[in-house]
Amino acid sequence: MDSDRFDRLYSENLPLILGYAARRCAEYSDAADVAAEVFTILWRRLDEVPAGEERLWLFGVARRTLANHRRGQQRRSELTQRLEEAMLTHHVSAVPEGRAAIVSHAVAQLPDRDRELLTLAVWDGLSPTEIAMLEGIPAGTVRSQLMRARTRLRRQLERPPRPVAPEPALRPADSRS
Amino acid sequence: MTNELHDPELITWLLDADPIDVSALRAVAASDAATALREDIRRDVVLPVARRRRGRRIAIVAIAGVAATVVAGVITLLAPSPAANSAYAAPAIHFARQSPRLLLADSGWTVTDLNQEYADQGEMTFASAGRTLDMEWNSPAASFFGPITGRAGQIVTGSPLMVDGHHALAGAVPGQADTGPRYFAALWTVGHLGIEVRGKFANLVEFEAVVRTLHRVSVFTLLAALPPSVVTSTGRKATVAKMLADIPQPKGFSSSKLTDSSLLLDRYQLGAKVTSAVSCSWLGQWLHGNHAERLRASAAMATSRHWAILREMAPEGGWSQAIWEAADNMNGVPMRGLAPGESEASILKNHLC
């Protein structure tokens with residue numbers, strides 16, 4: 001039954017699509033909105049979704065939905081607010097520490113394109129071929145761009161850490177010059 | 001940080017640095033909130049249920065009482081004249097001929113999307129000021145409406161209305177709240193076609209006011225109303241010319257192959273084809289030309305960051321960035337991350353051609 005297929009796709013892919021949106025949205029509420037929109041579109045177009053390609057199809061919809069969402073087409077509802085609350089309750093945002101914090105900082109320093117490619121390939125878990133299909137560009141292009149993104153990330157990590165200026169100590173007002 | 005960063009290690013580090021906790025997301029997906037959302041989406045019954053084209057052949061008795069009075073005449077689709085025929089891509093004409101050819105009278109409503117998978121089945125989306133109205137049609141009408149008999153009983157209690165001279169039934173889609181903006185649907189048949197429109201409106205009166213303005217138009221009026229992203233043959237030639245307007249082209253470059261295709265393409269895909277053709281042509285000159293030709297090619301590609309079409313496409317995908325990086329490489333920026341055995345020329349060809 002179609003509804004069985006939908007339920008299966010929903011449970012399998014909601015974490016992926018929520019993650020995709022959450023990594024690109026400033027707020028949980030936006031990510032919840034995007035995920036809700038993506039699965040509404042899935043429900044409406046279930047017949048059109050090619051068997052075996054559902055995951056990539058959903059990422060494609062998520063990508064377009066996110067672009068639209070950024071243009072301000074937001075659809076808030078009580079249910080997406082509940083999803084947002086669930087994201088808060090389950091502490092979806094990871095706080096990188098130690099080496100992860102250094103890597104996170106290095107990723108943040110990369111050009112946007114490098115960062116997006118690494119996000120797609122590592123955190124969203126897409127293969128270069130899938131990224132190419134998602135973006136409508138040749139797979140070879142994605143591979144070479146990914147290779148360069150990795151190289152740039154390596155270089156970023158190999159740089160000596162910048163000295164961080166210590167927080168200025170609070171001083172009594174009368175000691176200031 | 002170690003100087004010996006191998007990829008598996010790098011990938012592990014990246015995974016550890018994911019700003020999102022994937023196991024927490026799985027917990028969210030298993031939460032009551034996610035279940036409630038799923039059930040709510042599934043209650044959005046009009047669209048998915050109506051879309052089941054290979055559903056049971058159940059006569060839609062409730063609707064048939066009204067629909068039987070529908071004018072029996074099959075829509076006579078006007079054959080386009082040969083001259084006009086040449087102005088549009090074959091798929092666009094095919095779409096228009098097979099569709100109910102209905103547009104909304106209010107010029108504020110425009111066609112934003114269309115889809116046609118089979119000869120007698122398709123859908124169009126109209127939009128105006130944040131509201132959308134989806135129209136779907138299929139043949140035969142009985143098999144289209146059959147699967148939605150479950151809600152027909154409720155819709156039949158809605159109001160009958162005339163749509164372009166045909167009797168239709170309109171009502172709220174069941175399974176929703178009784179107040180506030182909801183999905184409304186109207187169903188009717190025209191000959192062998194079953195037609196359904198649906199949209200989220202404040203109330204039935206508002207929905208019906210919009211639906212009543214649907215009226216049949218000529219094939220060419222419909223074609224003219226297609227969204228700009230659907231490029232007709234004539235439109236394609238002009239669009240390609242516009243895309244090329246600020247792009248320097250090598251001597252002997254011809255855009256004829258770009259304008260000949262009969263495929264319906266949106267602007268992104270067409271823009272990628274256009275910029276690929278030009279860039280590939282410049283690359284050939286850069287790789288195989290004499291010194292002056294190489295300089296010309298480098299200089300031409302150096303302007304690519306200003307090409308309007310690439311700037312337009314940049315937010316939509318990675319194509320523009322790929323061109324710009326290749327242009328940088330053709331202007332002295334060394335290509336980094338070359339794998340053993342890979343040449344700069346082979347990567348550039350792979351990028352651009």
Side-chain angles (χ1 to χ4, degrees), chain A residues 2-3 6-7 10-11 14-15 18-19 22-23 36 39-40 43-48 67 73 77 79-80 82-83 85-87 89-94 96 99-104 107 113 116-118 122-123 135-138 140-142 144-145 147-148 150-154 157-158 161, chain B residues 1-3 5 7 10-11 13-34 36-42 44 46-49 51-54 115 117 130 134 268-269 272 315-319 321-322 325 335-339 342 347 350-352:
Chain A
D2 282 351
S3 53
F6 174 78
D7 288 356
Y10 183 87
S11 63
L14 181 61
L18 257 185
R23 291 183 187 101
F39 285 97
T40 301
W43 175 240
R44 292 174 181 175
R45 297 182 172 264
L46 199 54
D47 287 352
E48 300 169 17
Q73 295 175 359
S77 77
L79 288 168
T80 55
R82 281 184 62 188
L83 195 65
E85 285 161 14
M87 292 172 79
T89 307
H90 288 92
H91 304 291
V92 160
S93 284
R99 187 183 59 203
I102 294 169
V103 175
S104 178
V107 170
R113 177 63 182 155
E116 173 65 7
L117 273 174
L118 290 171
V122 182
W123 294 337
E135 299 197 330
I137 61 177
T141 304
V142 171
S144 49
Q145 288 183 346
M147 194 160 54
R148 271 173 283 156
R150 283 201 302 263
T151 305
R152 280 195 274 264
L153 178 60
R154 281 193 209 109
L157 289 168
E158 286 163 6
Chain B
M1 198 61 58
T2 175
N3 287 326
L5 274 173
D7 275 358
L10 186 70
I11 289 166
W13 288 2
L14 271 169
L15 285 169
D16 290 344
D18 189 345
I20 297 299
D21 182 339
V22 177
S23 59
L25 282 177
R26 288 196 200 101
V28 171
S31 68
D32 290 345
L37 178 63
R38 184 192 68 203
E39 293 309 307
D40 187 62
I41 291 171
R42 284 180 49 172
D44 177 5
V46 166
L47 303 172
V49 178
R51 290 192 59 75
R52 288 178 200 148
R53 292 179 293 278
R54 291 171 290 280
N115 181 39
E117 288 178 75
D134 294 311
Y268 186 92
Q269 296 298 338
E316 303 292 325
W319 179 253
Q321 189 63 35
E325 286 187 14
M335 192 177 286
R336 286 178 292 184
L338 279 178
E342 259 189 334
I347 287 189
N350 195 6
H351 271 195
L352 300 178

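Naming: A, B, ... by sequence-line order, numbering from 1 per chain.
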The reported gap from CG in B:Leu14 to CZ in A:Arg150 (rounded to nearest 0.5 angstrom) is 10.0 Å
With rounding to the nearest 0.5 Å, note down the distance linking OG in A:Ser93 to CG in B:Asp21. 9.0 Å
Nearest-0.5 Å distance, OG1 of residue A:Thr40 to CG of residue B:Leu37: 6.5 Å
B:Trp13 and A:Arg99, any side-chain heavy atoms less than 4.5 Å apart: yes
Paired with B:Leu10, the side chain to side chain contact (heavy atoms under 4.5 Å, CB included) test is passed by just one of A:Val103, A:Val122, A:Leu157, namely A:Leu157
Counting C-beta onward and ignoring hydrogens, is there a side-chain heavy-atom pair between A:Tyr10 and B:Ile41 closer than 4.5 Å? yes
If you compare all heavy atoms of A:Leu14 against all heavy atoms of B:Ala29, which two are closest, and at what distance to 0.1 Å? CD2-CA, 3.8 Å
Is it true that B:Glu325 and A:Arg113 make a salt bridge, defined as a side-chain N closer than 4.0 Å to a carboxylate O? no
Give the minimum heavy-atom separation between B:Ala27 and A:His90, together with the two atoms involved. CB-CD2, 3.3 Å
For chain A, find which of B:Ala34, B:Ser31, B:Pro19 contributes the most heavy-atom pairs closer than 4.5 angstrom. B:Pro19
Taking atom CD of B:Gln321 and atom CD of A:Glu135, what is their separation to the nearest 0.5 Å? 10.5 Å
With sequence neighbours excluded, what pairs up with B:Asp18 under the salt bridge (charged side-chain N to carboxylate O under 4.0 Å, His left out) test? A:Arg23
Closer than 4.0 angstrom, basic N to acidic O: yes or no for A:Arg82 and B:Asp32? no
Contacting moiety of A:Leu117, where chain B heavy atoms sit under 4.5 Å: neither
